[in-house]
Amino acid sequence: MRSRKFGFLRHYRKIKIEGINLSHIVNKCIKNGIILKDLRWKNPLESTVEIQGDDFDRLKKAAGHSYKMTVLKEGGLLPLFHSMKASLLTIAGAFLLGALLFYQSLFVAEIRVDGYKSLSETSIRKTLAEAGLVEGARKEEDYSHVKAALYENYDEITWVSIFADGRLIKVHVAEAGKQETSADGEEKPVNIVAARSGMIEKILPLEGNARVQKGDYVNKGDVLISGKYKYQSTDYSRGDDFFIMYSHARGQALAKVPRQVTFYIEKNERKKTPTGRSVQGLFIRFGDVKIDTAKSLCKYEASVRQETALLHTMRPLPITISIVKIKEVELSEAPQDAKKIEKILAAALRQYQKQTLKPGEEILSQTIDYEESENLIRANVFLEVLEDIGKEKKIKVKKQDKNKEETTEENTPS
């Protein structure tokens, strides 16, 4: 038997050999050049020995099935390398998990909107999206530009708060309420006066006295519903003189009011005619990383893009996978026909009515005057609108002797 010390970095195994006639194993090791180290006989049926790592399989083959071999210990460079490799993989896995958790914390997973009353959440979310605040977008330190967009688009909003709670963005808005009472809780005496000139179509006083009727033409500032009452006293201790009482007038004054609005319509209609050529690819988004294979292949001057989503998720990170098809098209222009222009104008008027008219108001009639330029058609629309022209105006009261009539400044239709 050859005996040689194994180096510290050399791979070795300490094994236990069980069986009878153990000297037979030693002879086979000498014959096959298997180096044995620190051979110890514990009893006639068991012994321990150290061998080089790459000799273990040779020893098992030489021993056959007559002996049982158990690895008790491994040492040297290879086990050390495996141990270090396992540790490095554990550290790398922990690092990648931490990096993933940190990276996903940079993106918005959910937006919660509350506090609105008259406004719709859909319209508020649309404004947020136009300002760049959507699920899947990167979180920002400062959302002042989003607040500015809300203030600009909605006069009803008086206060906006936007703050992040982890990946949840909370948007809270407050709307202005009507200030109808004074600080001491008593209502101010007011008249309902005409905000603009018009022909009265319907007067609906809820509180106060109507000063006009259907068919009356009123000018701006005329009193429509008066908050001033004149009554005769039934208190005989004060005499039977007439006295004045004031109230907060309320109601609607619907009048026919002329309006003029102008819409601009493109004279020519742009057409996109497919050529039949197209390229396909994948669009992959992982966080901030975007890969668009179809875009890199597309060399068309004019094209239309179609996307079919295969995967779209916000958690744990914004991930999108879509099939993209880009079709080549040829651009051309042709004059729009009259029916198409009428449809465009009708849609614009419906949008105008939706955005500017209050409940109960409506467009009664319209006259359209078209003007053409090189590229545009200018439509001047003259409208007759049924509009609530009433607005509140504080009554200026001049206190005089209690037994005499108090005077106020009021305008009545001429």
Side-chain angles (χ1 to χ4, degrees), residues 83-179 280-296 298 305-326 351 354-355:
S83 177
M84 291 177 60
K85 182 179 178 182
S87 299
L88 288 173
L89 289 175
T90 302
I91 295 171
F95 175 78
L96 289 176
L97 178 60
L100 177 63
L101 293 175
F102 172 75
Y103 191 59
Q104 73 176 17
S105 69
L106 302 177
F107 297 90
V108 178
E110 181 184 354
I111 299 173
R112 189 175 299 165
V113 182
D114 59 14
Y116 55 89
K117 294 180 181 178
S118 61
L119 301 175
S120 69
E121 183 172 344
T122 302
S123 63
I124 293 176
R125 285 184 176 273
K126 182 180 178 182
T127 302
L128 295 177
E130 291 173 350
L133 181 55
V134 293
E135 283 88 353
R138 252 187 184 272
K139 289 165 56 180
E140 300 182 25
E141 294 292 333
D142 183 16
Y143 286 104
S144 58
H145 64 288
V146 180
K147 294 181 181 180
L150 289 171
Y151 287 132
E152 182 179 353
N153 289 349
Y154 305 102
D155 295 333
E156 301 90 338
I157 293 180
T158 58
W159 178 77
V160 177
S161 171
I162 302 176
F163 64 96
D165 183 5
R167 299 183 64 196
L168 169 66
I169 303 297
K170 296 182 179 180
V171 181
H172 186 84
V173 300
E175 297 183 31
K178 293 184 177 179
Q179 190 72 19
Q280 289 185 329
L282 281 177
F283 173 77
I284 301 173
R285 177 194 176 191
F286 186 85
D288 286 336
V289 180
K290 297 179 182 180
I291 301 174
D292 193 339
T293 60
K295 185 177 180 180
S296 61
C298 180
R305 180 186 180 95
Q306 295 178 345
E307 287 192 25
T308 303
L310 299 178
L311 175 66
H312 181 70
T313 180
M314 292 296 145
R315 292 183 174 88
L317 283 173
I319 300 174
T320 301
I321 302 177
S322 303
I323 296 176
V324 178
K325 186 174 185 179
I326 301 179
Q351 185 68 16
K354 180 180 178 181
Q355 291 179 346

Just distance, no hydrogens or angles: give the donor-acceptor pairs under 3.5 Å from side chains in residues 106-115, sequence neighbours left out.
| unit_1 | atom_1 | unit_2 | atom_2 | d |
| --- | --- | --- | --- | --- |
| Asp114 | OD1 | His172 | ND1 | 2.7 |

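Atom-to-atom distance recorded for Ile157:CD1 and Glu152:CD is 12.0 Å, nearest 0.5 angstrom. Remark: Ile284 CD1 to Thr293 OG1 distance equals 7.5 Å, nearest 0.5 Å. Here CD1 of Ile326 is found 10.5 Å from CD of Gln280. Values are rounded to the nearest 0.5 Å. Put simply, CD on Glu175 and OH on Tyr116 are 10.5 Å apart, with the number rounded to the nearest 0.5 Å. The line from CZ of Phe283 to CD1 of Ile323 is 14.0 Å long, rounded to the nearest 0.5 Å. Atom-to-atom distance recorded for Tyr154:OH and Thr127:OG1 is 3.0 Å, nearest 0.5 angstrom.
For His145, the side-chain hydrogen bond (donor to acceptor under 3.5 Å, both in side chains) criterion is met by no residue, not counting sequence neighbours. The salt bridge (Lys or Arg N to Asp or Glu O under 4.0 Å) test applied to Glu135 returns Arg125, not counting sequence neighbours. Contacts of Ser322 classified as side-chain hydrogen bond (donor to acceptor under 3.5 Å, both in side chains), with partners at least two apart in sequence or in another chain: none.
Pro318 and Gly136 get closest at one heavy-atom pair: CG-O, 3.7 Å.
Applying the salt bridge (Lys or Arg N to Asp or Glu O under 4.0 Å) rule to pairs touching residues 94-103 yields nothing, sequence neighbours excluded. Sorted by first and then second residue, the ring-ring contact (aromatic ring centres under 6.0 Å, His included) pairs with a member in residues 120-143 form an empty list; sequence neighbours excluded.
A side-chain donor-acceptor contact under 3.5 Å links Asp292 to the backbone of Lys295. In this structure, the side chain of Lys139 engages the main chain of Gly166 through a donor-acceptor pair within 3.5 Å.
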